[in-house]
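In the text below, chain A, chain B and the rest are named by the order of the sequence lines, each starting its count at 1.
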Amino acid sequence: MKNVIKITTTLVCLVLLATPVFAGDINLFVAASLKEVINELSDSFAKKNPGVKFVKNYGASGQLAKQIENGAPSDIFISANLEWMDYLKNKKLADVASIGTFTYNSLVFAGTPGKASSMQDLIKLERIAIGSPKSVPAGEYATEAFKKASLDKQLEKKLVMAKDVRECLMYVERGEVDGAFVYRTDALLAKQAKILFTVPQELYPRVTYPAALTIAGRKNKDAATFFTYLQGDEAKSVLAKYGFATR
Amino acid sequence: MHLYMTSHKSFGSFSLSTDFTVSGDRIGIFGTSGSGKSTLVSMLAGLTDPDSGEILLNGDCLFSSAKRVNLRPEQRRIAMVFQQHCLFPHLNVRNNLLYGFKRCPSELRTIDIDTLVAVLKLDGLLDRGVTNLSGGEKQRVALGRAILANPRLLLMDEPLSALDDALRFQIIPYLKSVSEKFDIPYLFISHSLLEMRLMTDTVLAFEKGTMTGQTTSDQLARNRMGLSSVGYINLLELGRSAPISGLFAYPWGASQLLLSSGSEQNESMAELSSKDIILFKHHPEAISARNLLECSVRSLFNSGRKVGVVMDCAGNTLIAEVVQDAVDELGITPGCTIYAAIKASAFRMLPN
Amino acid sequence: MTPLSPTDYDAIRLSLQVAVAATLLSLPFGFAVAYLVTFVKFRGKVLLEVFINMPLTLPPVVVGYFLLLLLGKHGWLGNLLNEAGIRLIFTLKAAVIASAIVGFPLLVRSLRICMEGIDPQLISASRTLGARWYDTLLSVILPLSVPGLTAGSSLMFARSLGEFGATIIVAGNIPGVTQTIPLAIYEYASSPTSENMALTLCLVSVAISIVVLFLHEMMAKKMAQRS
C-alpha cells in the first residue's frame with residue numbers, strides 16, 4: 001500500500017512538472033488557421049537562434065484568449081479576429097504598444113467544381129456549411145455577407161452549422177454538403193474541394209489577424225526578437241506561400 | 001411410472017454415467033453432494049443435455065442421441081420442486097400456483113385447484129406476495145405450483161434440505177399426500193437416508209458419478225449401517241402416550257416403550273439408533289435401562305465390520321448392531337430368543 | 001442571471017426530445033442484447049461485448065465520424081437510405097442515433113447487472129412448468145429486469161442530454177433544428193459577449209441532470225434492496 005502511494009505521488013509530481021517553463025522558451029498562442037505558417041517560421045527562426053525553444057499552442061482564438069486570461073504562460077498571441085484581441089486588451093493582458101496586424105485572410109466558397117460561381121448561385125444549392133456564427137468568425141462573416149447580398153431568408157433553411165472551419169471542409173470533402181464558406185487558406189489545403197468563388201470584399205469586414213506580445217512576453221527578449229521577425233520579409237513570403245494576404 | 005435412462009455426461013473432470021430401468025411411483029435418488037444427482041435431475045428435466053444416451057419415460061422418448069431426439073423442458077411435462085423454493089418474486093401466491101396450470105393444455109388438466117389449495121392449506125395466502133411467506137409456506141406453494149402443472153413426473157431435488165428439522169417433518173406429509181392424492185409419481189432426490197426412508201420405496205444410489213445400486217430404502221439403510229457413525233436408524237411408529245412417573249409410556253404395537261421425552265400427541269414417530277440397543281442372551285436380573293424387550297431373532301446381516309441383528313418384537317421389527325465376537329459369544333442365530341435393553345433417553349422424537 | 005432566449009428554449013426542448021427518443025429507441029435493443037449476453041451461449045460473445053462497449057471508451061467524436069461515414073451521402077447505409085428518400089445527416093434523427101449509440105453501453109450494463117442477479121433456477125422452474133423460451137423471457141426475465149430497465153434508461157437519458165462530440169458531427173449545430181443544450185452552451189462559451197447566456201443554460205442542464213441522477217439513485221437502491 002505504501003508503495004502504491006509513493007508511486008502515485010511520484011507520478012502526480014512528474015505530470016505536474018512535465019512542462020516546466022524555462023527562460024529560453026517562447027510561448028506562442030496562435031489561431032489554428034495559422035498552424036502551418038507559424039510552424040515553418042518558428043522552425044527557421046530556431047535554426048538561426050540555437051537555444052531558443054518554442055512551446056506552441058494552436059486553437060480557437062476565444063479558447064486561447066480565455067487560457068491567457070486564466071494565467072496560461074504565453075508570450076505572443078495571434079488571434080483570427082479583432083474581437084478577442086480587444087478582449088485581452090481590455091483585461092490589460094496584451095501589450096497595447098505591440099498590437100498590430102499580422103496578416104489578412106479572405107472568405108471563399110469552396111465546393112465541388114461546377115456547383116456555383118457566384119453568391120446568386122447559392123439559391124440553387126441544397127446544403128451549405130458555415131461555422132456556427134456565434135462562435136466561428138468565418139461563419140459570422142458569411143452570415144453578414146448573406147444579409148448584405150439579401151440572400152439570408154432564402155438560404156436560412158439550407159445552412160448547416162459546423163463547429164469550426166475544418167469541420168465545414170470535412171463535410172464538403174465527404175459530399176455531405178454542396179459547399180462551405182471557409183477561409184481561402186483553409187480551402188487551399190483541401191484535397192477534393194476547390195475554391196468556386198471569392199466572396200466580394202464589400203459584403204463583409206476584412207478578416208484581420210492581429211498579433212501582440214502579452215504583458216509577460218514583453219519581458220521575454222527572445223519573444224520580442226521573434227515578434228519582430230514575424231513582421232519581416234521572410235514571414236511575408238511564407239504567409240504568401242500559404243495564401244494569406246499581407247496588405 | 002417407468003423410467004429408462006442410459007446416458008453419459010461429462011464436464012471438466014466430472015463425469016456422470018447412468019444406465020438403469022426403474023418402475024414405481026416413489027423413487028429415490030440417493031447420494032452425497034458431488035455424486036451427480038443434480039446433473040441427473042437436470043438431464044431428466046431437459047435443462048442439461050446429456051453428451052450421449054437415451055431417456056424414455058413411460059415408453060416416450062425424451063432424449064436420444066441416436067435418434068436425434070431432445071424434447072425441450074416445456075415439452076417433457078416433468079415438473080420440479082427445487083431445493084430453494086424458486087417462487088417468482090414478482091407474482092403473488094395465486095399467480096405462482098397458476099403459472100404452470102395456465103401453460104398446461106386444457107385437455108391435460110386434471111387437478112382441481114381448490115382441492116389442492118385445501119390439501120396444502122394455502123387458503124388464506126392466495127393474494128399475498130411470496131417474499132414475506134415463511135419457509136414452510138414457500139415450499140408448499142412451490143409444491144402446489146409443480147403439481148398444478150399436471151406433470152406426469154414430479155422431480156423433487158432436495159426439497160427439504162434448505163429447511164430446518166421441525167419444518168422438514170411438517171412438509172414431508174404434504175409431499176407424500178399430494179402425490180398420492182393426485183396420483184403423480186415422483187423422483188425424490190436427497191442425501192438424507194432418513195428422508196429416503198420416509199419418502200421412497202425404490203432407491204437408486206449414486207457415488208462420484210456412477211450408480212452403485214438399485215435397492216429399497218430400508219435395504220440401503222442396512223447396507224450403510226456399518227459405515228455410518230449413527231448406525232442404522234430404527235423408525236418406530238408410536239401410539240398415544242401417557243405420563244408415568246416422570247417418563248412417557250408409548251404403545252408400540254403390542255408392547256410398550258418408556259421414553260424420557262415426549263408429548264401427549266396422538267401419534268408420533270421416534271428414531272432409535274441400532275447402536276443404542278444392548279442385547280442379552282438371558283433375562284438380566286436388574287438393569288438401569290428402562291426398556292427390556294423379549295424378541296426373536298429373524299435374521300443376521302453383515303455391514304462393514306458390524307453385524308446387524310434383525311429382531312421381531314411382538315410383530316414389530318427392530319435392528320441392533322453388534323460385533324462378530326458378540327454374535328459368537330451370545331450364540332445369536334436366526335430363531336433364537338434374545339433380550340433387547342434400551343435406555344429411555346435413547347429415543348429421539350421426530351417433530352410432528 | 002440572463003433570461004433564456006427562444007433558441008435556448010428550443011435547445012432545451014430538443015435536448016429532451018433527443019434524450020427521450022434515444023432512450024426509447026434503445027430499450028428493445030438493449031434488452032435483447034443484455035439477454036443474449038447474459039443467458040445465451042454462442043460463439044463470438046466476447047466480440048459482441050467489445051463492440052457494444054466500444055462507444056464507452058471511444059472518443060464520441062470518433063463515433064460521430066464513423067456514423068458520418070456510415071450514414072453520410074456516400075456511406076453504404078446512407079446511400080440506401082438516400083435512394084429511399086430518407087435523409088438522416090444534419091437532422092434531429094441523426095442526433096437521436098448518435099445519442100442512442102453513445103448511451104447504449106450504459107443501458108446494456110445496467111440491464112446486464114440486473115439480469116445476472118436473476119436466479120437461473122427461476123428460469124429453469126419456468127421452463128419445467130411449460131413455458132417456452134420467449135414465454136420465460138416475457139413472463140419472468142422481463143418483469144424481473146424492470147429495475148435494471150429503469151436504472152439503465154435513466155442513466156442513458158442523462159448521458160444523451162450531455163452528448164456533444166458525436167452529435168455535433170452528424171447533426172451539425174443548427175439552432176432550432178439540431179442544437180441541443182450542450183451545443184448551445186459550446187457556442188455561447190466561445191464568444192466573448194455571451195458568457196452569461198452560457199451560464200444560464202449550464203444551470204438548466206445541471207438541474208435536469210440532478211433530477212435524472214436522483215431518480216437513478218432511487219432505482220439503484222430499490223434494486224439493491226431486492227437482491
Side-chain angles (χ1 to χ4, degrees), chain A residues 31-32 59-69 79-91 93 112 126-140 143 155-178 180 192, chain C residues 5 7-8 10-11 14 60-62 64-76 78-79 81-82 85 87-92 94-95 164-180 182-198 201:
Chain A
S61 306
Q63 272 170 24
L64 299 173
K66 291 268 173 68
Q67 286 166 4
I68 294 172
E69 184 190 354
S79 168
N81 63 4
L82 297 167
E83 239 177 341
W84 286 110
M85 187 56 87
D86 287 345
Y87 180 81
L88 279 193
K89 195 167 84 182
N90 292 338
K91 301 263 172 190
L93 289 164
T112 326
E126 228 184 303
R127 260 159 209 270
I128 298 160
I130 62 169
S132 281
K134 277 187 215 152
S135 56
V136 185
E140 195 185 335
T143 41
L155 294 181
E156 204 180 32
K157 297 271 174 223
K158 301 180 192 291
L159 297 181
V160 171
M161 320 293 188
K163 176 164 107 244
D164 50 41
V165 169
R166 299 279 156 110
E167 198 177 88
C168 286
L169 271 178
M170 193 252 301
Y171 290 146
V172 177
E173 302 260 77
R174 292 213 38 81
E176 302 302 340
V177 294
D178 299 316
Q192 317 276 324
Chain C
S5 72
T7 49
D8 294 341
D10 275 344
L14 289 171
V61 182
V62 175
Y65 191 67
F66 280 146
L67 275 179
L68 189 70
L69 293 186
L70 183 71
L71 302 175
K73 242 183 190 165
H74 303 296
W76 62 266
N79 237 336
L81 290 170
N82 222 11
R87 196 193 165 95
L88 294 175
I89 296 295
F90 307 133
T91 66
L92 199 62
F164 175 83
T167 310
I168 201 163
I169 290 188
V170 285
N173 188 1
I174 312 171
V177 181
T178 62
Q179 189 178 68
T180 54
L183 271 57
I185 292 175
Y186 172 79
E187 199 178 74
Y188 279 138
S190 37
S191 152
T193 49
S194 50
E195 275 185 299
N196 288 332
M197 303 290 284
L201 264 189

Seminar exercise, completed: For C/I174 and A/L159, the nearest pair of non-hydrogen atoms, with its separation, is CD1-O, 3.7 Å
Exercise. If you look at every heavy atom in A/M170 and C/L68, which pair is closest and at what distance?
Worked result: SD-CD2, 3.4 Å
For this session: Check the pair A/R127 / C/K73 against side-chain contact (heavy atoms from CB on, under 4.5 Å), numbers first and verdict last.
Result: CA-CA 12 Å; A/R127 260 159 209 270; C/K73 242 183 190 165; over 6 Å; no
Please report the interatomic distance [atom1]([X]) to [atom2]([Y]), rounded to the nearest 0.5 Å.
| X | Y | atom1 | atom2 | result |
| --- | --- | --- | --- | --- |
| C/T167 | A/K163 | OG1 | NZ | 11.5 Å |
| C/H74 | A/E173 | NE2 | CD | 11.5 Å |
| A/M161 | C/E187 | CE | CD | 7.5 Å |

Is there a side-chain contact between [X] and [Y] in this structure, where contact means two heavy atoms from C-beta onward sitting under 4.5 Å apart?
| X | Y | answer |
| --- | --- | --- |
| A/E167 | C/I169 | yes |
| C/M197 | A/K134 | no |
| A/R174 | C/L69 | yes |

Problem set entry | C/Y186, OH atom: more than 12 neighbouring heavy atoms under 6.0 Å | yes
Problem set entry | Worked check of side-chain contact (heavy atoms from CB on, under 4.5 Å) between A/Y171 and C/I89 | CA-CA 10 Å; A/Y171 290 146; C/I89 296 295; 5.7 Å; no
